[in-house]
Amino acid sequence: MAQHHSKLIVNVDAENKVLNVYQELTFNNTTNDTISHILLNDWNNAYSNKNTPLGKRFSDEFVRSFHLASEKERGSTNNVTVLDAKKFMLSWCRFDEHPDVIELHLKDKIAPGEKAIFTLTYSLKIPSDRFTRYGYNSDNEMVLKNCFLTPARYENRKFVQYENLNIDDIANGITNLDIEINVPNGFELTSDLVLQNKVDSSYIYSGKNILQYAFYLEKKTTFATYKNDIISVASNLQDYKLNDIKKAIIIDKIVHYVAEKLGKPSIQNITVSQVDYEQNPFYGLNQLPAFISPFPDDFIFELKFLKTYLNNYLKNSLYLDQRKDNWVFDAIQIYYMMQYIDENYPEAKMMGNISKWKILRGYNLVSLDFNGQYSYFYMLMARKNLDQPLGDPKNTLIRFNEKIASKYRAGLSFKYLSEFIGSDNLDKAINEFIVLANQQQTDDLQLQELLKKHTDKDINWFFNIIIDSREIIDYKFDEVTKTDDKVSFKLKNRTDTFVPIPIYGVKKKQVVFKEWITEVKEDSIYTFGRKDADKIVINYKNEVPEFNQRNNWKSLKPFSLTNKPIKFIFLKDLEDPFYNQIIYVPSIEYNYYDGLIPGMRFFNKTILDRPINYDINPSYSTKSKSLTGSFAFAVNQFRRNSNLFNIRYGISTDYFHYAPDASYHRINTSINLRLREYDYRDNHKQSINFRNIYVNREKSDLVNSDFEGKYSVFNARYVNVKTEITKHFAFAGDLQLASKFGKLAGEISFRRLFDDNRLFSIRTYLGKFIYNNSDSDYFDFALDRPTDYLFDYNYLGRSESTGLLSQQYIIAEGGFKSKLKDAFAGDWIATTNTSYTLWNWIEAYGDVGFIKDKGSKERFVYDSGIRLNLVTDYFELYLPVYSNNGWEISQPHYTEKIRFIATVSTNTVISLFTRKWF
């Protein structure tokens with residue numbers, strides 16, 4: 001069946017991280033087309049420079065390691081020569097946009113049914129494993145996967161041309177392999193191919209009908225081999241607390257389970273490695289430190305092995321396009337993982353043994369069934385309006401969807417289908433598809449045909465809506481009536497997405513009836529036997545991947561004061577559709593004038609986003625001995641099919657102190673419009689914000705400035721930003737109108753990380769008063785430290801003019817770091833701020849500009865110094881050197897001139913770690 005055959009002799013130079021390869025490639029044209037050129041996948045060359053598609057993807061996902069790597073750490077394919085059967089040297093080329101593919105130009109075309117033999121020699125420079133876990137480590141050991149030149153998959157009259165994006169979806173043609181690998185003395189080799197012979201340090205492997213392969217070069221092998229009547233498994237999956245006997249029992253159990261469900265594998269050997277697992281871990285299990293793990297060690301190992309074994313089994317059994325039809329792999333894998341839990345651990349909970357703690361039993365997070373977590377991970381993205389169609393190619397998915405949400409929704413979708421057509425019918429269709437896909441190249445259309453073959457029900461909705469769209473499902477009850485023996489109702493479809501929906505009758509948490517409604521009509525009344533049910537529930541067991549379950553049930557009790565009672569939850573919880581949850585959590589804040597500010601927050605936002613959110617935070621100022629606090633209320637409107645994807649209406653208020661003897665009260669009403677590209681992976685974002693801010697300040701006897709008490713400012717702001725590791729561009733336009741002033745400002749910033757790892761940044765700020773009738777400088781443009789009359793910035797001591805807190809720096813307005821005399825402009829301002837890397841995180845900065853105050857002449861201003869850019873925009877230090885003030889570095893009290901950025905907002909810090917996922 002295999003299209004091609006490769007015979008390789010590989011000599012490993014571990015010291016120099018190089019493989020020298022001699023390869024005889026037999027290309028078998030099993031197509032109906034005449035082949036004039038051949039595409040060879042060369043995914044090792046994806047590591048050759050920072051601007052390959054792989055390098056750009058790392059930049060998009062804010063991964064710095066690849067861009068900052070030395071040339072020694074990169075990989076490449078070099079010295080490629082190709083001879084045909086007549087010993088003619090063949091020409092070949094790479095494409096600028098696809099440097100990890102080689103196009104081989106043939107002298108003689110290959111007709112359908114014919115074969116051609118080529119001789120290739122090349123060397124592979126192996127990359128460091130710190131980028132993708134594949135490559136060499138500090139001990140010169142190597143993990144090699146799909147690194148040799150291999151013909152690409154051919155379909156629809158052309159070769160499939162994919163770039164290496166570190167998403168494990170290479171499109172190789174089906175190939176038989178014979179490989180002799182000569183390793184240095186003191187090293188051992190393990191592979192998922194069949195070991196035919198080993199002589200000294202020479203390993204000879206073979207494999208039939210191969211799509212992918214892996215080799216593990218170690219000084220001492222960490223793999224143990226487990227054999228049974230089905231397959232030989234080599235695994236180094238880590239769990240130091242389990243002995244080999246326990247591991248063998250678990251592995252044997254899983255191998256037999258998968259064989260029973262999906263059939264015996266066509267391959268003889270399979271590897272289940274720690275690297276494989278870490279590439280696609282079981283999120284949730286892998287996030288918990290070992291010392292607080294709520295699951296038994298054998299259960300954790302069992303799930304890790306099950307997930308990784310299923311993944312490798314499917315990747316070696318299904319001759320599918322792993323990028324285009326990725327959802328099929330995910331659906332089968334997660335569906336049978338869910339079934340495994342149902343059959344072997346039906347009482348397992350999402351939080352494991354923690355569910356037994358009586359003090360926590362009121363939490364939905366703790367009481368939720370283990371398989372219930374899958375829908376919550378999907379809903380996390382759906383509620384953010386970031387979910388994507390399951391049928392979209394894998395390379396178009398944002399990271400969280402690719403790794404978690406889309407995987408889990410794919411499994412849930414098969415679970416949904418199994419409930420509708422019957423699990424036996426789904427299992428039969430999947431088994432027939434696996435047999436077919438193991439014999440020839442296939443796609444998801446053939447799976448669709450097999451599913452339709454095994455049911456007489458209409459399931460077109462499954463592919464049109466569940467797989468190929470991002471339409472959301474949301475049903476609710478309408479006009480419910482009941483008698484002692486019957487219940488009648490209408491169903492309201494809130495999204496106009498028509499799919500079958502199950503209706504349950506429940507009595508004391510026990511299901512007394514279940515009925516499927518396959519066609520929902522707006523005016524239809526549905527009547528079912530009540531069977532003593534005390535409530536009716538839509539989608540009670542969560543078979544349907546529904547957007548909102550909070551409106552899914554109605555009580556049938558005669559005296560029900562409320563359909564959903566209130567439930568107070570401490571700290572945080574998953575959304576519970578059967579309760580109105582109010583979450584409370586102690587809060588602690590700090591500013592110089594209020595001191596420590598303990599309080600208690602009450603809010604309704606669970607882990608999932610909600611359309612309506614409130615947050616009440618009464619607090620107490622320990623320094624002023626008075627009540628303080630804040631309140632916020634917001635309504636989110638998500639637009640599913642528009643690049644204007646979110647409109648947020650909000651009102652908030654806060655009351656704190658801005659000076660030791662004076663408080664402020666702010667009320668902010670706003671409308672925020674957020675825009676994105678239709679390509680969700682694009683980091684280009686825009687926002688338009690309209691708000692009106694009312695401020696009431698008490699007069700302070702301690703702050704030396706002209707007093708502005710009550711004022712109201714209308715503010716319109718537009719932001720356009722695109723950011724990644726290698727470059728950042730942002731533009732902001734700002735209009736402010738008040739009774740005493742009107743001003744217009746614009747800001748452009750650009751940041752570029754060059755190939756030599758030096759960072760250049762430049763920012764220009766322009767501001768002009770339209771009118772200015774204020775007698776004070778309170779509303780003026782500022783060179784280095786804005787007065788923040790809108791109370792937007794997180795100043796620790798906003799009114800301080802001396803001392804450490806006065807040295808806090810916030811990048812705004814003029815952006816200067818030195819404190820210059822007459823630093824306010826009541827007419828206009830124009831400044832530019834620049835910095836450039838000197839070494840590592842040490843940079844030189846310089847600021848220049850002009851400012852003009854009312855009734856005075858414009859002035860030229862400048863400063864310069866050293867910037868310690870420890871974490872950009874989060875933690876930085878600025879050391880002034882020279883400015884309009886002269887040589888500041890030699891002046892007295894120099895430490896008082898140093899400026900700092902220190903982010904204390906929890907949400908801001910968290911975004912530093914989560915930005916690569918969304």
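Here the structure is a predicted model, which means the values were calculated and not measured. Positions are given from 1, in the same order as the sequence printed here.
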Does the distance from a Lys or Arg side-chain N to an Asp or Glu carboxylate O, for [X] and [Y], drop under 4.0 Å?
| X | Y | value |
| --- | --- | --- |
| Lys819 | Glu896 | no |
| Asp609 | Lys605 | yes |
| Glu876 | Arg899 | no |

With Asp129 via side chain to side chain donor-acceptor pair (under 3.5 Å) - residues at least two apart =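 With sequence neighbours excluded, Asp129 shows a side chain to side chain donor-acceptor pair (under 3.5 Å) to no residue whatsoever.
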
For Ser59, all residues meeting side chain to side chain donor-acceptor pair (under 3.5 Å), sequence neighbours excluded =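 Glu724, Thr726.
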
query = From Thr132 OG1 over to Leu54 CG, what is the distance, rounded to the nearest 0.5 angstrom?
reply =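 Those atoms lie 7.5 Å apart.
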
Kindly write out the residues that satisfy salt bridge (charged side-chain N to carboxylate O under 4.0 Å, His left out) with [X], not counting sequence neighbours, or none if the list is empty.
| X | value |
| --- | --- |
| Asp734 | Arg717 |
| Arg751 | Asp873 |
| Asp392 | none |
| Asp822 | none |

Exercise: do [X] and [Y] side chains pair donor with acceptor under 3.5 Å:
| X | Y | result |
| --- | --- | --- |
| Tyr664 | Glu698 | no |
| Ser76 | Tyr47 | no |
| His657 | Asp594 | yes |
| Gln388 | Ser406 | no |
| Asn757 | Arg64 | no |
| Glu708 | Ser776 | yes |
| Ser128 | Lys72 | no |
| Ser587 | Asn617 | yes |
| Asn692 | Ser712 | yes |

ask   = Can you pull the ring pair (Phe, Tyr, Trp, His ring centres under 6.0 Å) pairs that have at least one residue in residues 723-748, sequence neighbours excluded?
value =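 Sorted pair list: Phe741-Phe779, Phe741-Tyr789.
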
Is the distance between the ring centroids of [X] and [Y] under 6.0 Å?
| X | Y | result |
| --- | --- | --- |
| Phe656 | Phe791 | no |
| Tyr862 | Phe860 | yes |
| Tyr878 | Phe900 | no |

Going by the rule side chain to side chain contact (heavy atoms under 4.5 Å, CB included), which residues pair with [X] if we only count those two or more places apart in sequence or in a different chain?
| X | value |
| --- | --- |
| Leu596 | Ile588, Tyr590, Thr622 |
| Pro611 | Arg550 |
| Asp755 | Lys50, Asn51, His67 |

Check: Asn385 side chain, Ala382 main-chain N or O, donor-acceptor pair, under 3.5 Å =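 Checked: no pair found.
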
Where at least one partner belongs to residues 641-661, residue pairs that pass salt bridge (Lys or Arg N to Asp or Glu O under 4.0 Å), sequence neighbours excluded =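 Residue pairs with at least one partner in residues 641-661: Asp654-Arg666.
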
query = Can you say whether the rings of Phe850 and Trp828 are parallel (under 30°), tilted (30 to 60°) or perpendicular (over 60°)?
reply =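 Plane angle between 30° and 60°, so tilted.
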
request  = Step by step, work out the ring pair (Phe, Tyr, Trp, His ring centres under 6.0 Å) result for Tyr649 and Phe633.
outcome  = CA-CA 8 Å; Tyr649 311 88; Phe633 178 85; over 10 Å; no

request  = Provide the full list of side-chain hydrogen bond (donor to acceptor under 3.5 Å, both in side chains) pairs with a residue in residues 838-853, sequence neighbours left out, each pair given once.
outcome  =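 side-chain hydrogen bond (donor to acceptor under 3.5 Å, both in side chains) check on residues 838-853 returns Lys817-Asp847, Asp827-Lys852, Asn833-Asp847, Ser835-Glu843, Glu843-Arg867, Glu843-Asn869.
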
